[in-house]
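Heavy atoms only: backbone and side chains are in, while hydrogens, waters and symmetry mates are out. Chain A is the first sequence line, chain B the second, and so forth, proteins listed ahead of strands; every chain is numbered from 1.
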Amino acid sequence: MTCEQFQEIIGEYVDGTLTPAVRAQCAEHVMSCPACRQLLGDVQATMAACRQAAIVEPPGDLVSRILRATPAGPMMSCAVFDELILDYFEGYISASDYHIFEDHFQACPRCQRLLTSIRLARQLCHEARAVPAPDDLQRRIMRATVGIDRVPIHRKWRAIARRWWGETRAKLARIIGLVLAPEGMTAVILSLATVGFLLVEVSDDMTLSGVYRQARIKAERVFAHARSGSLEGRRIASRWHRVTSQLSGVLRFGADLFVETTDRVGYPTSGAPRERGEKKKEPLAQSPGAPLGTRHGGPAIGRDPR
Amino acid sequence: MGAKVALSNEDAQLVRQCLAGDEAAWEEIVKQYSRRIYSLAYRFVGTHEAAEDLTQEVFLRIYRTLDQYDPQAGSLSNWLMRVARNLIIDDWRKRGRTPTEASDTLEAHAYHLKSRAESPQRLVERRQLSEQIQAAINKLSPELRTCIILRDLEELSYQEIVDLLKIPEGTVKSRINRGRIELAKILRRMKVI
C-alpha cells in the first residue's frame, strides 16, 4: 500500500469500517511509514479534540430568550394556519381561533409572507376591470351562429315583444304572489270589510255615490257647527274684553285716590305713582353715585366745602 | 422494546402538552435541547451572537411544526435534532457558507463559565480548545467543514450524513477523510496537537 492509498482511506481506518484485509494492509503500512504514522496520530488526536470540544456552552439567558420569543398559549401550526386563512378572509373565524391565528402570524415569517401575498392577490382581483371586447366580435359571433352579420328588423321587433311579454308576465306573477301571501290576503279582507261597512252604515242607497253624498252632508254639518261655535266664541271674547276694561278703570281710580290721600297726610311716597305735573321733592335717600359723608347734607370728607 | 415504547409515549405526551399551551412542557424541551442545538449552530456560523440568533430561530420553527412530530416514526430527540440540522445547514447555505471569524475574547464569554461544575482551570482549557477547534474548522472548505461537523462533532453515521446532505456515500467518505487530514494539519500548525 502506498502513502496516497493509505491517506485516501485513513478516515475509514480510524472509524473501523474497513474490511479486515484492507485494515491489515493499512496497519502494515503505518508500521513501515513514519510520515503516515505521524499523520494517523494527528488525525486521531484531532478527532479526540473534536469530541472533547463538541458541546459549546450557550449563554445563560438563551433558554429564557427562546421562551420569550415563543408566544404563550395553545400553539397553531402552519398547516392549521393555512386551513384558517379562508375563514379569516371571509370573517368567519371564531374569536378564540383569531387570537391564536394572530399570534402565529406575528411569529411566523412564512405565514406572514403567505397571508400578505393572498391579500395582495385578492386586492388585484377586485381591482381588475373587464377587458373590452374587440369591435367586430359581435359581428363575428353572429356570423358564426346564424350565418349573417345583422338580424332583420321584424325579427328584432318580435324579440322586443317577446321580451316585453316575459317581463310583464313576471310582474303579474309577482303581484299575484303578493296578493296570495298571508299579509296580502289580510289587507284585501280588511279593505273589503271597510267598504262593506261604509255601504251598509253610511250610504243611503247601498252605492259608493251614496257614501260620498252622505259624507258631504256630514262634512257640511260639521262645518256649520264649527262656524256657529266660532261666532259664539267671538261674542264671549268681546264681552270679556268689556268687563276687563271696566275693571282696570276702577282699579286706576282706586290707586289715584290712594296716592292723593298719602300725599295729604305727608308719608314719603318713594316708589308710589306720582301725579303728572306734581313738583319733585328732595329725595331723602342718597343717590347711588354720591360720595360718603353727603348722606345728611354735611360736607364730604377731603372735599373742598366751597 | 418496552422501554422504547414508554419513551415514545413520554415524548408524545410532552408534545401534546406543548400543543395544548403547557408552557412548562415547552420549557422542558427548550432546556433539554438548547445546548446541543446551540453547539451545532455555533460550529457552523462561527460566532456566539449568530449562533444565539440561529438557535432561537430553530426553536421558533420547531415550535410551529411540533404538531408534525409522529411518535411512531421515532423519538422526539431524533426528530428534533434532524429538524435542527436541516434548518442550520439550510441557513448556513443561504448565508453563502461564510463563517465569521471567531474573534471573540475570553472575557466576552466569561458567562459561559459559571454554568459548569468543573474547576476554573479546566473550564478555561476547554474553552480555549473549543475556540481553537472552531478557528481550525473555519479554515476548511464548506464541503469538508459540513462533513467534519456532522461526523466528528455531531457523531452522525455515514448513512445519516448521506440522507441529510443528499450526496453519495463515496463523496461523504472522501470528504470526511480529506477534512480530517486538513483539520489535523491546521491544528498541528496551530500547535494544538
Side-chain angles (χ1 to χ4, degrees), chain A residues 4 6-15 17-18 36 38-81 96 99-100 103-111, chain B residues 18-21 23 26-27 30-31 34-39 42-43 48 51-52 55-56 59-61 63-68 109 111-116 126-127 129-134 136-137 148 151-155 158 173-174 176-181 183-185 187-188 192-193:
Chain A
E4 286 76 21
F6 174 71
Q7 285 174 19
E8 274 174 16
I9 52 171
I10 189 170
E12 288 175 81
Y13 179 70
V14 175
D15 285 333
T17 55
L18 294 171
C36 287
Q38 174 71 44
L39 182 64
L40 181 64
D42 287 351
V43 167
Q44 284 170 332
T46 300
M47 289 171 65
C50 284
R51 274 195 296 274
Q52 213 178 342
I55 290 293
V56 184
E57 282 302 314
D61 64 342
L62 181 67
V63 172
S64 57
R65 195 178 147 183
I66 293 167
L67 292 175
R68 273 201 306 276
T70 42
M75 298 176 192
M76 180 179 282
S77 65
C78 294
V80 176
F81 184 92
S96 55
H99 289 302
I100 313 173
D103 287 343
H104 183 95
F105 176 76
Q106 295 296 335
C108 179
R110 175 255 177 204
C111 291
Chain B
C18 285
L19 292 172
E23 289 168 31
W26 173 242
E27 188 175 351
V30 174
K31 279 183 176 166
S34 58
R35 239 175 118 221
R36 277 184 72 183
I37 294 177
Y38 178 81
S39 299
Y42 177 69
R43 291 304 175 205
H48 290 282
E52 268 185 60
T55 308
Q56 187 176 316
F59 270 102
L60 270 173
R61 292 286 295 273
Y63 181 84
R64 290 196 293 265
T65 52
L66 207 55
D67 65 325
Q68 292 171 13
H109 302 287
Y111 53 81
H112 293 172
L113 305 177
K114 63 187 172 193
S115 59
R116 301 286 296 182
R126 271 179 66 90
R127 172 72 190 161
L129 178 66
S130 178
E131 295 298 334
Q132 285 165 331
I133 297 253
Q134 185 61 40
I137 287 173
I148 288 296
R151 176 70 192 134
D152 289 337
L153 294 163
E154 277 291 291
E155 297 182 341
Y158 290 137
K173 284 180 178 174
S174 163
I176 290 171
N177 195 47
R178 284 191 288 131
R180 280 172 177 168
I181 294 171
L183 195 62
K185 285 177 181 171
L187 288 175
R188 176 157 284 281
V192 176
I193 55 171

Worksheet item: So which part of B:Arg151 gets closer than 4.5 Å to some heavy atom of chain A, the side chain, the backbone, both or neither?
Response: side chain
Item to complete: Find the one option among B:Glu154, B:Arg61, B:Lys173 whose heavy-atom pairs under 4.5 Å with chain A are most numerous.
Response: B:Lys173
Worksheet item: Where does B:Ile137 contact chain A at under 4.5 Å (heavy atoms): side chain, backbone, both or neither?
Response: neither
Item to complete: Could you tell me how the ring of B:Phe59 sits relative to the ring of B:Trp26: parallel (under 30°), tilted (30 to 60°) or perpendicular (over 60°)?
Response: perpendicular
Worksheet entry | Best-contacting candidate, A:Gly11, A:Ser64, A:Ala48, against chain B by heavy atom pairs under 4.5 angstrom | A:Gly11
Worksheet item: Which one of A:Glu12, A:Arg51, A:Arg65 has the most heavy-atom pairs closer than 4.5 Å to chain B?
Response: A:Arg65
Fill in: Contact class of A:Ile10 relative to chain B, heavy atoms under 4.5 angstrom
both
Worksheet item: So what's closer than 4.5 Å to chain B heavy atoms on A:Gln7: side chain, backbone, both or neither?
Response: both
Worksheet item: So do the side chains of B:Leu187 and A:Asp42 get within less than 4.5 Å of each other, counting heavy atoms only?
Response: no
Discussion item. Test of understanding: with side-chain hydrogen bond (donor to acceptor under 3.5 Å, both in side chains), list the residues that count as partners of B:Arg180, not counting sequence neighbours.
Written reply: A:Asp15, B:Asp152
Worksheet item: For chain A, which of B:Gln132, B:Gln56, B:Arg64 has the most heavy-atom pairs under 4.5 Å?
Response: B:Arg64
Worksheet item: Contact part of B:Thr65 toward chain A, heavy-atom cut-off under 4.5 Å: side chain, backbone, both or neither?
Response: neither
Discussion item. Just so I know, are the side chains of B:Tyr158 and B:Ile176 near enough to count as touching, which here means a heavy-atom distance under 4.5 Å?
Written reply: yes
Discussion item. Are A:Val56 and B:Arg43 packed together at the side-chain level, in the sense that at least one heavy-atom pair is separated by less than 4.5 angstrom?
Written reply: yes
Discussion item. Among residues at least two apart in sequence or on other chains, which ones pass side chain to side chain contact (heavy atoms under 4.5 Å, CB included) with A:Tyr13?
Written reply: A:Phe6, A:Leu18, A:Arg23, A:Cys26, A:Ala27, A:Leu40
